[in-house]
Every structure is written in C-alpha cells, then in structure tokens.
Peer 1: 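Take a look at the following structure, please.
Every chain is numbered from 1 and lettered A, B, ... according to where its sequence line falls, protein lines coming before strand lines. Every heavy atom of this structure was used, including side-chain atoms; hydrogens, water molecules and symmetry mates were not.
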Number of protein chains: 2
Amino acid sequence: MRRMVVPRSSSLIAQLRRGVLEYCVLAMLKSEERYAFDLVRALAEATGMETSEGTIYPLLSRLRRDGTVETTWQESPSGPPRRYYRLTTKGSKALKEFREEWIRFRDAVDVLLEEG
Amino acid sequence: MRRMVVPRSSSLIAQLRRGVLEYCVLAMLKSEERYAFDLVRALAEATGMETSEGTIYPLLSRLRRDGTVETTWQESPSGPPRRYYRLTTKGSKALKEFREEWIRFRDAVDVLLEEG
DNA sequence: CAAGGTACCATGCGCCGCATGGTAGTGCCG
DNA sequence: CGGCACTACCATGCGGCGCATGGTACCTTG
C-alpha cells in the first residue's frame, strides 16, 4: 500500500479530519481490538494520518460515552496496563451508516473539484 | 411548545463539510462569477449540498478577507443589488492546492473504510 | 535511583458550519 | 396606497471536535 503522509501541523488537514477521524478509528477497530497508544501508530502506518494522544484520548472518551466502543483492561507484558477498545453493535452500525454518507459526500466533492 | 429546529451544526454532515465547503464554493466560482443567494441554490442543485445563508455569508466574508475572492456590485433586474464574487489568482491557486490535498485525504479514508 | 519509554487522562483554545435575527429594495394584489 | 412576499444583503453567537498542553504512573535499564 502506498504511504500517504498527512502532516499534522497543517490546520487545513485538521479541518478535513473533522467528522471523519472518529470513523477512521471505528474502522481500525473493526477487525481487532486495540489500545489508544497503538491506535496512533496504526493509523499513521495504515493511512499516513499522523495524530497524537491529545487527539485520540478525548476522541475515544467520547466514543465510549456514545456507546460505540467498549473497553477492557489488560496487563501489558512490559509497561502500564492497557485499555483495549472494541466495536459495539452500535458502533458497527454507525460505521456502516457513515460509509454510505461518506461515499455520497466524497462523490459530490469530487464532481465539483473535477469540473473544469 | 415552540418548534425547535434540530441544529445542523452538530450533525454528521456539518462536521464532514468542515474545511471542504470553502473550496466547494471556490470551485463553483471557477467558471463563472456568482452572488451569494445564487450560490446556495447552485450548490444544492449541482451537488445536493444544502446550505443556508447563515453558512454562506460568513464564509464569503472570510474568503474576501483572505483575498481568495473579489467582488463587484451589480444591479438586479428585479430586487436589491447583488454582490458578485469571482476567484482571484490567489483563490485559484488555493483551489488547486486543495484538490491535491483532498485526493490524498480521500484515498486514505477510502482505504480504511473499504478494508474488511 | 534517575532517566526514558510506555500508557493513561483532563482541560482549554480555535476554527467554522449553522441558527438566529435584522435591514432594505422590488413587485403584486386587494 | 398599504401590506405582504420574495429577493438579497449582513452580523453575531453557539456548539462540536481536532489538537496542544501538561500531568500521573508503571516498567526497564544503566
């Protein structure tokens, strides 16, 4: 997979991520449960979206409050315990609905940008 | 009880639009100059993006401040005078740069959402 | 035991889409 | 003519979310 570097210093990027990053996280959790620190690394590796803990933790807290993810504490072989996140049924449904919304939105933007 | 309008500002769509709507407007102005009221209609017609004056006017004010658009007043055949907006060189350049940023971002999201 | 890596978290700022509400010009109908 | 609807402009404030900042604590290593 080609690596797409998205610098976090640009505020344009931060604006683009609004309303999307949340579902990128849900998508990352679809196949396997992960802990926050790992999510930051995995997101960067998979998509080039370089986020930070300051982004991820408040986001995950909100997802937990919304009931789209649930968590379990697990011991680490070395280091402090980790809180593992996984999708709930609600989260899985939300992700599915977002995918359709995203496709509509993406196509609308593509049409506009490609004209001319 | 008064009818309460569910605010779009907190909706999924409103979040998605962040950082994008601005460039959709620039894209609409690429081929021809338009006035704000018309832009709302044209955006809805061309892409299904239903915005409102409360969105468009503050946005256009910002674009003008940033120097990405410039305006001229023109008489209307019927009704109050219209402020017509058109792209500046700076605006055209910004639009072009955004297009590349958008493609990177879009592809990254697509990869994530399509996995699994 | 000090230092550094790992891992957690709360809090506040800034941006921008949107709702709200206001002003004014034109045209139509009773 | 008076009133209303439509067009067209605009300023202001709220709310949500990405991000920076800064803090705590566990474990390993020198």
Peer 1: Using whole Å, report how far CD1 of A/I56 lies from P of D/dC17.
Peer 2: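 To the nearest whole Å, that distance equals 14 Å.
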Peer 1: Has the side chain of A/R99 got a donor or acceptor atom that lies under 3.5 Å from a matching backbone atom of B/L113?
Peer 2: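 Side chain of A/R99 to backbone of B/L113, a donor-acceptor pair under 3.5 Å: yes, one is there.
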Peer 1: I need the CD-C1' distance between A/Q15 and C/dG14, as an integer number of Å.
Peer 2: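 Taking atom C1' of C/dG14 as the reference, CD of A/Q15 is at 9 Å.
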Peer 1: Base, sugar-phosphate or nothing for B/S52? Non-hydrogen atoms, less than 4.0 Å.
Peer 2: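 Contact class for B/S52: sugar-phosphate only.
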Peer 1: Taking the side chain from B/T88 and the backbone from B/G67, do they hold a donor-acceptor pair closer than 3.5 Å?
Peer 2: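 Side chain of B/T88 to backbone of B/G67: a pair is present.
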Peer 1: If you compare every side-chain N and O of A/T55 against the phosphate oxygens of D/dG18 (OP1, OP2), does one of them come in below 4.0 Å?
Peer 2: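 No, because none of the side-chain N or O atoms of A/T55 sits under 4.0 Å from OP1 or OP2 of D/dG18.
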Peer 1: Looking at the base of D/dC17, is there any donor atom on it, or on the side chain of A/E22, that sits under 3.5 Å from an acceptor on the other one?
Peer 2: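 Per atom types, no contact qualifies.
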Peer 1: For A/F37 and C/dA7, give me the distance from atom CZ to atom C1', rounded to whole Å.
Peer 2: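 One finds 6 Å between C1' of C/dA7 and CZ of A/F37, rounded.
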Peer 1: Give a yes/no on whether any side-chain N or O of A/S61 is located under 4.0 angstrom from OP1 or OP2 of C/dA10.
Peer 2: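 It does, given that an N or O in the side chain of A/S61 lies less than 4.0 Å from OP1 or OP2 of C/dA10.
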Peer 1: Please pick, from C/dG25, D/dC10, D/dC19, the nucleotide with the shortest atom-to-atom distance to any side-chain atom of A/P58.
Peer 2: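 The closest nucleotide is D/dC19.
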Peer 1: On a plain distance test, is the side chain of A/R83 in donor-acceptor contact with the base of C/dC8 below 3.5 Å?
Peer 2: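 Answer is no: no donor-acceptor pair is held.
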Peer 1: Look at the aromatic rings of B/W102 and B/F98 and report parallel, tilted or perpendicular, splitting at 30° and 60°.
Peer 2: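 Aromatic pair B/W102/B/F98 classed parallel.
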Peer 1: For D/dA11 and B/R62 - does any side-chain N or O of the residue sit under 4.0 Å from the phosphate oxygens OP1/OP2?
Peer 2: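 Result: no.
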Peer 1: Among C/dA7, C/dC18, D/dA20, find the nucleotide with the atom closest to the side chain of A/S76.
Peer 2: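 The answer is C/dA7.
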Peer 1: Mark yes or no for a side-chain to base donor-acceptor pair under 3.5 Å between A/R82 and C/dC8, with no hydrogen or angle criteria applied.
Peer 2: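 For A/R82, whose side chain was compared with the base of C/dC8, there is no donor-acceptor pair (under 3.5 Å).
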Peer 1: Hey, which of these two, A/V20 or A/P77, hits DNA chain D nearer its 5' end, going by closest nucleotide?
Peer 2: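 Looking at the nearest nucleotide for each, A/V20 comes out on the 5' side.
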Peer 1: If you draw a 6.0 Å radius around CD in B/E50, do more than 12 non-hydrogen atoms from other residues or ligands fall strictly inside?
Peer 2: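 Atom CD in B/E50 is not packed in, count stays at 12 or less.
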Peer 1: Between A/R18 and A/A36, which has a closest nucleotide on DNA chain C that is more 5'?
Peer 2: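 That would be A/A36.
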Peer 1: Students often get this wrong, so: under 4.0 angstrom with heavy atoms, is A/Y85 touching a base, only sugar-phosphate, or nothing?
Peer 2: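 Contact class for A/Y85: sugar-phosphate only.
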Peer 1: Please report the distance, rounded to the nearest Å, between CG in B/L59 and P in C/dA19.
Peer 2: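 Those two atoms, CG and P, are 14 Å apart.
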Peer 1: Can you tell me the distance, in whole Å, between the CD atom of B/Q74 and the C1' atom of D/dC9?
Peer 2: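 It is 15 Å, rounded to the nearest whole Å.
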Peer 1: Would one find a side-chain N or O of B/R41 under 4.0 angstrom from OP1 or OP2 of D/dA8?
Peer 2: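 Checking D/dA8 against B/R41, a side-chain N or O does come within under 4.0 Å of OP1 or OP2.
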Peer 1: Under 4.0 Å between a side-chain nitrogen and a carboxylate oxygen: does that hold for B/D110 and A/R106?
Peer 2: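 Yes, this pair counts.
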Peer 1: Could you give the CG-to-P distance, from B/L12 to C/dG17, as a whole number of Å?
Peer 2: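 In whole Å, C/dG17 P lies 15 Å from B/L12 CG.
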Peer 1: In whole angstroms, how far is the P atom of D/dG23 from the OH atom of A/Y57?
Peer 2: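 Interatomic distance, OH of A/Y57 to P of D/dG23: 17 Å.
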Peer 1: The test is side chain to side chain contact (heavy atoms under 4.5 Å, CB included); show your working for A/L63 and A/Y85 and say whether it passes.
Peer 2: CA-CA 10 Å; A/L63 293 181; A/Y85 295 78; over 6 Å; no
Peer 1: Within the structure, does a side-chain N or O atom of B/Y35 lie under 4.0 Å from either OP1 or OP2 of D/dC9?
Peer 2: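 B/Y35 to D/dC9 OP1/OP2: no side-chain N or O under 4.0 Å.
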Peer 1: Whole angstrom is fine here: how far is it from CG in A/L60 over to P in C/dC8?
Peer 2: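 Whole-Å distance recorded here is 9 Å.
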